[in-house]
Amino acid sequence: MTAQALVVIDIQNDYFPGGKWTLHEANKAAENAARLIKNARDTDGIVIHVRHEFLSEDAPFFAPNSDGAKIHESVLPVDGEDVILKHKVNAFQDTNLKSILDAKGVKDVTFVGSMSHMCIDAATRAASDFGYNVTVVEDACASRDLEFNGKVVPATEVHAAYMSALGFAYANVTTTDDYLSVAKAA
């Protein structure tokens, strides 16, 4: 049987209401991520947490050792789950994520977390390039409004565009309910 891992990326306090970089529907995405984490734990699955800290104290969010950089209480790791600290967008870059996945015999990786248009996108593309079978659970990911050339792109459209691109060539993009129904059937 092929080992699979649920990788929870950057579900951290600064992304939630009252944080420094609030995302659209961060609570809803975290609730869905928590459901997926529970399922993985209940089935003795592999759960890996990734959290981001910028190196500078004057970072726009996720400042080193700040409350905002802590993993949100809804998805806290438990004993035995790996927690990876990253300083770049891509969870594989300058971290031991790939070596952990490979040491555990993981071939199938599922990503959830934040932000859809940055860290989820980067990790998904990298994982696919490394040869993993990749799934992204889109309603367990969150994004925010972006601006380009004076035009505001709403978070829902940002998220949809990135999920569409990832689903085209890099990953199976699904929902929490569909993912859990397939897991239950297996």
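Count residues from 1 along the sequence.
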* Ion pair Lys28/Asp139, N-O distance below 4.0 Å -> no
* Asked: With the threshold set at 4.0 Å, does a side-chain nitrogen-carboxylate oxygen contact exist between Asp129 and Arg125?
  -> no
* To do: Test the Lys98-Phe130 pair against the cation-pi criterion, namely NZ or CZ under 6.0 angstrom from the six-membered ring centroid and within 45° of the ring axis.
  => yes
* Is Arg35 salt-bridged to Asp177, going by a charged N under 4.0 Å from an acidic O? -> yes
* Asked: Is there side-chain contact between Leu36 and Val137, with at least one heavy-atom pair below 4.5 Å?
  -> yes
* Return the set of residues passing side-chain contact (heavy atoms from CB on, under 4.5 Å) with Ala91 (not counting sequence neighbours), or none when no residue passes. => Ile9, Val50, Lys86, Leu97, Ala123
* Do His87 and Phe54 make the cut of ring centroids closer than 6.0 angstrom? -> no
* Asked: NZ of Lys70 to CG of Leu76: how many Å apart, nearest 0.5 Å?
  -> 10.5 Å
* Between Lys104 and Asp82, is there a side-chain N and carboxylate O pair less than 4.0 Å apart? -> yes
* Can you name the residues that form a ring-ring contact (aromatic ring centres under 6.0 Å, His included) with Tyr170, not counting sequence neighbours? -> none
* Could you label the plane-to-plane angle of the Trp21 and Phe61 rings as parallel, tilted or perpendicular, counting under 30° as parallel and over 60° as perpendicular? => parallel
* Asked: Do the ring planes of His72 and Phe16 sit parallel (below 30°), tilted (30 to 60°) or perpendicular (above 60°)?
  -> parallel
